[in-house]
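Remember, it's 1-based here, ligands and their atoms both numbered in the order they're listed.
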Amino acid sequence: MLNLLLFGPPGAGKGTQALKIAEKFGLIHISTGDLLRAEVAGGTELGKAAKSLMDKGILVSDDIVVGMIDAKISSNSSVKGFIFDGFPRTLPQAKALDELLAKHNQSIDITLALEVDKEELYNRISLRGKSSGRADDQDKNTFLKRMQVYNTETAPLKDYYKNQGVLVTINGIGEIEDVFNSLCNEIIKKGNPVH
Ligand code: AMP
């Protein structure tokens with residue numbers, strides 16, 4: 001199996017690239033943001049609880065997202081692997097993911113960290129806000145809050161994966177196809193991932 005983690009700040013291109021990578025390598029794409037938005041759209045209790053936090057750019061509790069990931073991993077046995085997008089976002093989530101994967105004799109093979117500067121991130125988020133309908137894409141203060149949450153809670157995970165020897169940083173600025181090719185090269189360099 002091949003288990004990838006796509007890491008980066010809001011607007012780095014994680015969702016776009018994760019879909020392309022999932023298709024190319026035959027992986028299951030798991031985005032906690034998408035799973036949470038589906039709960040919101042479905043009007044579930046979980047969705048109702050998550051919505052106000054998401055709209056403000058604040059993280060949903062670790063228990064909720066880890067529970068969703070657990071369900072996804074358990075319901076997708078005998079797959080080629082997973083690509084995680086927007087998860088983990090905190091150290092407890094990263095540790096929980098390692099434990100969940102270990103239960104299936106799996107681990108994270110590569111963490112691909114997309115690097116994009118703050119000005120470009122804001123430009124992308126405001127452009128996306130015109131069509132995404134996402135409340136958290138609409139407003140500069142919410143963007144700044146998401147960046148602050150990313151910098152304090154999520155960015156430190158780079159050290160966690162660096163210490164595991166699986167971190168690769170990628171320049172996330174440029175054409176979508178060019179960034180995609182850089183990501184694919186790193187995945188292929190790690191060994192032949194597609195069986
Ligand atoms: P995203 O689509 O990844 O930008 O996520 C949108 C929002 O969903 C975030 O700002 C959080 O409120 C929530 N969310 C998504 N993934 C997570 C996660 N792994 N942990 C906590 N909250 C999350």
Side-chain angles (χ1 to χ4, degrees), residues 3-22 27-74 82-101 108 111-116 118 120-158 160-161 172 179 183:
N3 297 304
L4 306 178
L5 209 152
L6 204 50
F7 191 86
K14 298 186 297 293
T16 305
Q17 297 293 346
L19 280 171
K20 289 170 73 66
I21 292 169
L27 306 176
I28 303 283
H29 173 216
I30 305 185
S31 152
T32 39
D34 287 351
L35 292 172
L36 287 166
R37 279 184 288 279
E39 296 283 343
V40 172
T44 65
E45 286 307 312
L46 193 161
K48 284 180 200 154
K51 186 177 182 336
S52 61
L53 297 169
M54 294 170 75
D55 286 354
K56 292 190 201 113
I58 299 170
L59 295 184
V60 173
S61 81
D62 290 337
D63 287 351
I64 288 184
V65 285
V66 169
M68 294 192 314
I69 293 283
D70 189 4
K72 270 276 175 188
I73 294 177
S74 304
F82 296 98
I83 177 159
F84 298 95
D85 154 11
F87 177 90
R89 266 172 150 102
T90 64
L91 191 57
Q93 290 180 22
K95 290 183 175 164
L97 178 61
D98 281 349
E99 284 167 20
L100 287 175
L101 290 172
I108 293 294
T111 292
L112 298 151
L114 287 169
E115 305 216 310
V116 177
K118 194 170 164 186
E120 172 74 8
L121 293 172
Y122 180 62
N123 290 340
R124 290 184 187 182
I125 292 274
S126 33
L127 192 67
R128 185 172 75 184
K130 294 193 173 115
S131 57
S132 71
R134 284 176 54 173
D136 59 347
D137 283 348
Q138 307 293 331
D139 167 278
K140 181 142 196 185
N141 285 333
T142 313
F143 168 75
L144 293 174
K145 180 69 197 170
R146 289 162 78 192
M147 283 304 296
Q148 185 208 333
V149 168
Y150 173 78
N151 286 328
T152 54
E153 309 223 28
T154 308
L157 292 186
K158 275 196 243 176
Y160 180 80
Y161 290 107
V179 176
L183 290 164

Checklist entry - Given Thr90 and Glu153, is the side chain to side chain donor-acceptor pair (under 3.5 Å) satisfied, shown in steps? => result CA-CA 5 Å; Thr90 64; Glu153 309 223 28; 5.8 Å; no

Next on the checklist: Within the structure provided, determine whether Pro88 and Leu5 are in side-chain contact (heavy-atom separation under 4.5 Å).
Outcome noted: yes

Checklist entry - Of all residues at least two apart in sequence or in a different chain, which pass the side chain to side chain donor-acceptor pair (under 3.5 Å) check with Asn123? => result none

Checklist entry - Going by the side-chain hydrogen bond (donor to acceptor under 3.5 Å, both in side chains) test, which pairs reach into residues 5-20, not counting sequence neighbours? => result Lys20-Glu177

Next on the checklist: Tell me whether Lys95 is salt-bridged to Glu99, with the criterion being a basic N under 4.0 Å from an acidic carboxylate O.
Outcome noted: no

Checklist outcome for this item: Here the salt bridge (charged side-chain N to carboxylate O under 4.0 Å, His left out) pairs for residues 44-61, sequence neighbours left out, are Glu45-Lys48, Lys51-Asp55

Item to check | Set of residues that line ligand 1, where lining means a heavy atom lies under 4.0 Å from it | outcome: Thr32, Gly33, Leu36, Arg37, Met54, Ile58, Leu59, Val60, Val65, Gly86, Phe87, Arg89, Gln93, Arg134, Asp136, Arg146

